[in-house]
Amino acid sequence: MPSAAPHALTYRSAVEADVPAIVALVESAYRGDSSRGGWTTEADFLDGQRTDAEDVAARIAAQPAGLLLVAERDGEIVSCCHLEHRGDHVYFGLFAVRPGRQGDGLGKAVMLEAERRAREQWAAKEMRMTVITVREELIAFYVRRGYERTGELSPFPYGDERFGVPLRDDLAFELLVKTL
């Protein structure tokens, strides 16, 4: 088998040894000043953590009902996402792209790989995700990828700091769906 081209993106299932790198990646993409280097920051409306080692380790341990997918370039984890099989659909979450690598098509490539795996591994008919409604630019990105806004809202888990510390009182999630 030919070796991968230099700088090629490779995919694999996360393993326990990846937990610290995945936590650091997710935190850097969503929280604190480092997240401002990309366009996915939530730092203006959420403080605190986005995830922790316990959460990431639990997602890795949940295989084969789920998959924590990592994308590597030159041996470095540059993106990740979590896929959770839920009957006829797969829930897509914990999606992160290293802030310095956002905007170059990496996120699109990872999403396509995640959708391919959802179809092939679980014969999923749909991919679903929830996005904080104030994230209009991010929602627009997903709509361009074929996801549809449903208008179905769920409340933000105020008081549960595992999801962050809200800096405003109008946060909610909207369900987005894509037919696979």
Side-chain angles (χ1 to χ4, degrees), residues 14-62 66-73 76-84 86 90-111 114 127-145 147 149-178:
V15 296
E16 191 173 330
D18 296 324
V19 169
I22 292 170
V23 171
L25 168 64
V26 172
E27 293 300 309
S28 75
Y30 289 98
R31 297 295 200 289
D33 287 337
S34 65
S35 69
R36 296 181 194 283
W39 63 274
T40 61
T41 186
E42 296 173 344
D44 294 329
F45 53 89
L46 284 169
D47 202 0
Q49 71 179 28
R50 174 67 165 75
T51 192
D52 58 27
E54 183 179 312
D55 175 52
V56 172
R59 292 171 192 252
I60 292 170
L67 168 67
L68 185 49
L69 182 67
V70 295
E72 292 180 311
R73 185 168 282 150
E76 174 191 20
I77 296 175
V78 294
S79 183
C80 69
C81 65
H82 182 246
L83 304 175
E84 184 180 331
R86 297 181 179 175
V90 168
Y91 184 83
F92 177 83
L94 202 68
F95 183 38
V97 175
R98 190 164 305 289
R101 307 245 179 156
Q102 293 176 12
D104 68 359
L106 179 60
K108 294 175 202 171
V110 172
M111 290 186 75
M127 186 83 88
R128 298 181 186 180
M129 70 174 77
T130 54
V131 182
I132 297 175
T133 57
V134 298
R135 306 285 318 276
E136 290 295 335
E137 187 177 0
L138 185 58
I139 291 171
F141 169 80
Y142 291 131
V143 168
R144 289 191 302 274
R145 308 279 77 72
Y147 288 79
R149 297 183 79 163
T150 65
E152 184 180 323
L153 302 180
S154 57
F156 185 86
Y158 286 93
D160 188 344
E161 292 189 6
R162 291 177 303 155
F163 300 98
V165 178
L167 302 176
R168 47 194 287 179
D169 63 3
D170 63 343
L171 301 179
F173 294 101
E174 181 174 359
L175 177 66
L176 279 62
V177 177
K178 179 177 182 177

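Only a predicted model underlies this, so the values are computations on that prediction, with no experimental measurement involved. For reference, positions follow the sequence shown, starting with 1. All heavy atoms count here, side chains included; hydrogens, waters and symmetry mates do not.
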Between the main-chain N or O of Thr51 and the side-chain N or O of Glu27, is there a donor-acceptor pair closer than 3.5 Å?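 Confirmed, Glu27 side chain pairs with Thr51 backbone.
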Thr130 side chain to Glu174 main-chain N or O, any donor-acceptor pair under 3.5 Å?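 No, the answer is negative, given that no donor and acceptor are paired below the 3.5 Å cut-off.
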Less than 4.5 Å apart, side chain to side chain, heavy atoms only: is that true for [X] and [Y]?
| X | Y | result |
| --- | --- | --- |
| Val56 | His82 | no |
| Leu171 | Val134 | yes |
| Val70 | Leu25 | no |
| Val131 | Tyr147 | no |
| Arg73 | Leu106 | yes |

Look up atom [atom1] in [X] and atom [atom2] in [Y], then write down how far apart they are to the nearest 0.5 Å.
| X | Y | atom1 | atom2 | result |
| --- | --- | --- | --- | --- |
| Glu161 | Leu46 | CD | CG | 11.5 Å |
| Asp47 | Glu42 | CG | CD | 11.5 Å |
| Phe45 | Asp170 | CZ | CG | 9.5 Å |
| Leu94 | Glu84 | CG | CD | 11.5 Å |

[X] to [Y] - nearest heavy-atom pair and separation:
| X | Y | result |
| --- | --- | --- |
| Phe141 | Gly107 | CZ-C, 4.4 Å |
| Met129 | Phe92 | CB-O, 3.4 Å |
| Val97 | Ala29 | O-CB, 3.7 Å |
| Ile22 | Cys80 | CG2-SG, 4.0 Å |
| Leu175 | Arg128 | CD1-CB, 4.0 Å |
| Val110 | Ser79 | CG2-OG, 3.5 Å |

Could you check Glu136 against Arg149 for salt bridge (Lys or Arg N to Asp or Glu O under 4.0 Å), going step by step and ending with a plain yes or no? CA-CA 11 Å; Glu136 290 295 335; Arg149 297 183 79 163; 3.3 Å; yes
Just to verify, what does Tyr142 make a ring pair (Phe, Tyr, Trp, His ring centres under 6.0 Å) with, not counting sequence neighbours?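 Scan of Tyr142 (ring pair (Phe, Tyr, Trp, His ring centres under 6.0 Å), adjacent residues dropped) gives none.
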Phe173: ring pair (Phe, Tyr, Trp, His ring centres under 6.0 Å) partners, not counting sequence neighbours: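 Phe173: ring pair (Phe, Tyr, Trp, His ring centres under 6.0 Å) contacts with Phe156.
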For Asp160, enumerate each residue passing the side-chain contact (heavy atoms from CB on, under 4.5 Å) test, keeping only those at least two apart in sequence or located in another chain.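 Here the qualifying residues are Pro157, Arg162, Phe163.
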side-chain hydrogen bond (donor to acceptor under 3.5 Å, both in side chains) partners for [X], two or more places apart:
| X | value |
| --- | --- |
| Asp18 | Arg12 |
| Arg101 | Glu76 |
| Asp52 | Gln49 |

Using side chain to side chain contact (heavy atoms under 4.5 Å, CB included) as the criterion, point out the one residue from Leu83, Val19, Ile60 that pairs with Leu68.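 Between Leu68 and the candidates, side chain to side chain contact (heavy atoms under 4.5 Å, CB included) is satisfied uniquely by Ile60.
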